[in-house]
Amino acid sequence: MASVKKDTQRGGRGPPAATAPPDGGYGWFVLLASFLVFGLTFGVVKSFGVLFVEVHRYFETTATGTSWITSIAVATVHCAAPVASALSTGYSHRSVVVIGGLLSSVGMVGGAYAGNLVELYVTVGFLTGLGYALTWTPTVTMLGCYFERRRPMANALASAGECVFTFLLTPLFQLLVDTYSWRGAMLVLGGLQLNLCVCGMLLRPLGLGEEHHRWGGREEEGGALAGSPSHTRPSLRPEARSRARGRAGRRAALRATVLRYVDYTLIGDARFVVYSMFGVFAALGFFAPALFLVPYARSKGVEEYRAAALMSIAAAMDLTGRVFFGWVANLRLVETVQQLTVTAILLGVVLLLCPLASSFPELAAFSAAYGLAFGATVSIHITVLAELVGVRRLGSALGFFMLIRSSGGLLGPPIAGFFIDKMSDYGTGFLMAGVALIVSALFLLLLHQMNRRVQGSTGQGRDSTLDTAKGGAATAELDEWTGDADGRKGRPR
């Protein structure tokens, strides 16, 4: 019993047992931790536009050069997600999140003492991005372990942390910059990031059932492997059998981890490839607007705090869009891929209209429309992925999808910055993002047609099976009347 308890505290490396998600209880504290993690990671990334202006001025560099800071951070979060999941499996979610919080804080504090952009790339870009990956991925995984029936609601409430923190942090960053300069603001932000360690401490292991939930019922396979030495070699001592079971269980867990993130059959799935291309082009347009909205407003003569308030407006409408359109998706009025197509096109059109806004009221209206359309889009794109590949392969598909999408997140802001530098107009960055999102919607239209073909072929196969069954039933009924194979006369029942 002590051994089992020890394995549980280390992340559940022993043979898994079936423990049902409580859908409440201590899970609400895990939900609170997830809410804070969303806010202290992606909420900070979306609020970085305030610091972008100051860094851009201080180093007298181009918009492209400054935008690489955010791009590297976003790409690192995506690329390191599978690594974070593997570490949390081998050790524990709690320890990985605490380490991630420390890395995030060190990256921000190091950035406050950076002497050039390259040092900011390494500190705020890579180190902070790696810390975000180590905190966000295990926390979201743990949230899924605690909730099953209420999982959609739990995920919606957790992701709302990104919107709430963006709403609060944007004016706070501007106040810190005015009071302490951008270096002092990064030092304060570095201290704020230490709260991620507190979030990690809230991630109490659910028990070995956590492994049962994550591997989707692979405990039978692991249990058989762990138990096989006791059947094949009954002469082993209890200590040797225990060690053999432990080694077999670890091998089974490692194999399950590899299958979860390296399911190569997905590469041959044409529909998954098409949806991944949607992710790449959507990521090209997702992150650039949040980075350049404040600088664009400042270039139009909007004063500092009113420019920062635009991100707060967008965050409030983002929250509204996530909740409302997530509820609409649950109603199943239309296919989710169709709903995603419409929202992606709408978001692209809104971004294309941004250069027409020049005054604060016009920019406020744009920010509200942008936040609403953005929330409507991101609220269901993971749902579409789950419907595409099935729940069994969702973990592996999500890992591949994030890795592929990272290229768009990495290149989006620098490409937008390139156009801004060439045209000397921040509005061109929004045009690039809008075009990228409309192109992404074309891949969704293609995916919808592919889904219809798959559904049509499945329906034909079902009809053929039904016809065969009806034919077999008719033959059996005829046999009852004409006699069986031995030549006996058949009688009606």
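Between Phe42 and Phe165, a ring centre-to-centre spacing not shorter than 6.0 Å is recorded. Ring centers of Phe278 and Tyr275: under 6.0 Å apart, within the cut-off.
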task: Report the C-alpha distance between Phe48 and Val45 in whole Å, list the side-chain angles of each, state the deciding distance to 0.1 Å, and finish with yes or no for side-chain contact (heavy atoms from CB on, under 4.5 Å).
output: CA-CA 5 Å; Phe48 196 77; Val45 170; 5.8 Å; no
side-chain contact (heavy atoms from CB on, under 4.5 Å) evaluation trace for Ile69 with Phe52: CA-CA 9 Å; Ile69 301 172; Phe52 174 92; over 6 Å; no
task: Using the side-chain contact (heavy atoms from CB on, under 4.5 Å) rule, take His56 and Thr61 through it: C-alpha gap first, then chi angles, then the decisive distance, then the call.
output: CA-CA 6 Å; His56 178 67; Thr61 184; 4.2 Å; yes
message: Run the side-chain contact (heavy atoms from CB on, under 4.5 Å) test on Arg94 and Arg204 for me, step by step, so that the C-alpha distance in whole Å, both residues' side-chain angles and the decisive distance to 0.1 Å come before the verdict.
response: CA-CA 7 Å; Arg94 176 181 292 172; Arg204 188 175 70 187; 3.6 Å; yes
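When the salt bridge (charged side-chain N to carboxylate O under 4.0 Å, His left out) test is applied to Arg322, the partners found at least two apart in sequence or on another chain are Glu162, Asp318. For Glu304, the salt bridge (charged side-chain N to carboxylate O under 4.0 Å, His left out) partners two or more places apart in sequence, or in a different chain, are Arg298.
The number of heavy-atom neighbours closer than 6.0 Å to CZ of Phe167, taken from other residues, nucleotides and ligands shown, is 12 or below. More than 12 non-hydrogen atoms from other residues, nucleotides or ligands lie less than 6.0 angstrom from OH of Tyr305. Other residues, nucleotides and ligands place more than 12 heavy atoms under 6.0 Å from the CZ atom of Phe59.
Using a distance-only test at 3.5 Å, with no hydrogens or angles considered, no donor-acceptor pair links the side chain of Ser105 to the main chain of Leu102. A donor-acceptor pair is defined here as one N or O able to donate and one able to accept, closer than 3.5 Å; such a pair exists between the side chain of Gln193 and the backbone of Leu40. With hydrogens and angles disregarded, no donor-acceptor distance shorter than 3.5 Å links the side chain of Asn195 to the backbone of Val198. Arg183 places a side-chain N or O within donor-acceptor distance of the main-chain N or O of Ala114, the cut-off being under 3.5 Å. Under a 3.5 Å cut-off, the side chain of Ser406 and the backbone N or O of Val74 do not form any donor-acceptor pair. Remark: the backbone N or O of Phe281 is not paired with any side-chain donor or acceptor of Ser440 at under 3.5 angstrom. Side chain of Thr66 to backbone of Ala63: no donor-acceptor contact under 3.5 angstrom is found. Proximity of a side-chain donor or acceptor of Thr70 to a complementary backbone N or O of Ser67 within less than 3.5 Å is not detected. Between the side chain of Ser71 and the main chain of Leu410, a donor-acceptor pair closer than 3.5 Å is present.
Using a 4.5 Å cut-off on side-chain heavy atoms (C-beta onward), Tyr426 and Leu293 make no contact. Using a 4.5 Å heavy-atom threshold, the side chains of Tyr132 and Thr76 count as separate. Between Val122 and Ile72 the shortest side-chain heavy-atom distance does not fall below 4.5 Å. Counting heavy atoms from C-beta outward, Leu202 and Val30 have side chains that stay 4.5 Å or more apart. Under the 4.5 Å side-chain criterion, counting only non-hydrogen atoms from C-beta, Tyr113 is not in contact with Thr123. Side-chain contact between Trp68 and Leu120 is absent, with no heavy atoms from C-beta onward closer than 4.5 Å. In this structure the side chain of Val53 never reaches within 4.5 angstrom of the side chain of Trp182, judged on heavy atoms. Considering only heavy atoms from C-beta on, Val328 comes within 4.5 Å of Phe324 through its side chain.
Going from atom OG of Ser92 over to atom CE of Met142 covers 8.0 Å, rounded to the nearest 0.5 Å. Interatomic distance, CG of Leu103 versus CZ of Phe126, reported as 9.0 Å (0.5 Å rounding). Interatomic distance, Met317 CE to Ser312 OG, rounded to the nearest 0.5 Å: 13.5 Å. If you take OG1 on Thr41 and CG on Leu134, they are separated by 12.0 Å, rounding to the nearest 0.5 Å. Here CZ of Phe325 is found 10.0 Å from OG1 of Thr320. Values are rounded to the nearest 0.5 Å. Between Leu203 atom CG and His93 atom NE2 the span is 8.0 Å, to the nearest 0.5 Å.
The minimum heavy-atom distance linking Val97 with Pro138 is given by the pair CG2-CB, 3.9 Å. Taking all atoms of both residues into account, the shortest heavy-atom contact from Thr128 to Ser104 is OG1-O, 3.7 Å. Pairing each heavy atom of Gly190 with each of Met108, the nearest pair is CA-CB, 3.7 Å. Annotation for Gly39 and Leu169: closest pair O-CD1, 4.3 Å, computed over non-hydrogen atoms. Annotation for Gly285 and Leu351: closest pair O-CD1, 4.2 Å, computed over non-hydrogen atoms. The two residues Leu444 and Val337 have their closest heavy-atom pair at O-CG2, 4.1 Å.
Classification of the Tyr146-Tyr26 ring pair by plane angle, with boundaries at 30° and 60°, yields tilted. Ring geometry for Phe374 versus Tyr370: interplanar angle of 30 to 60°, hence tilted.
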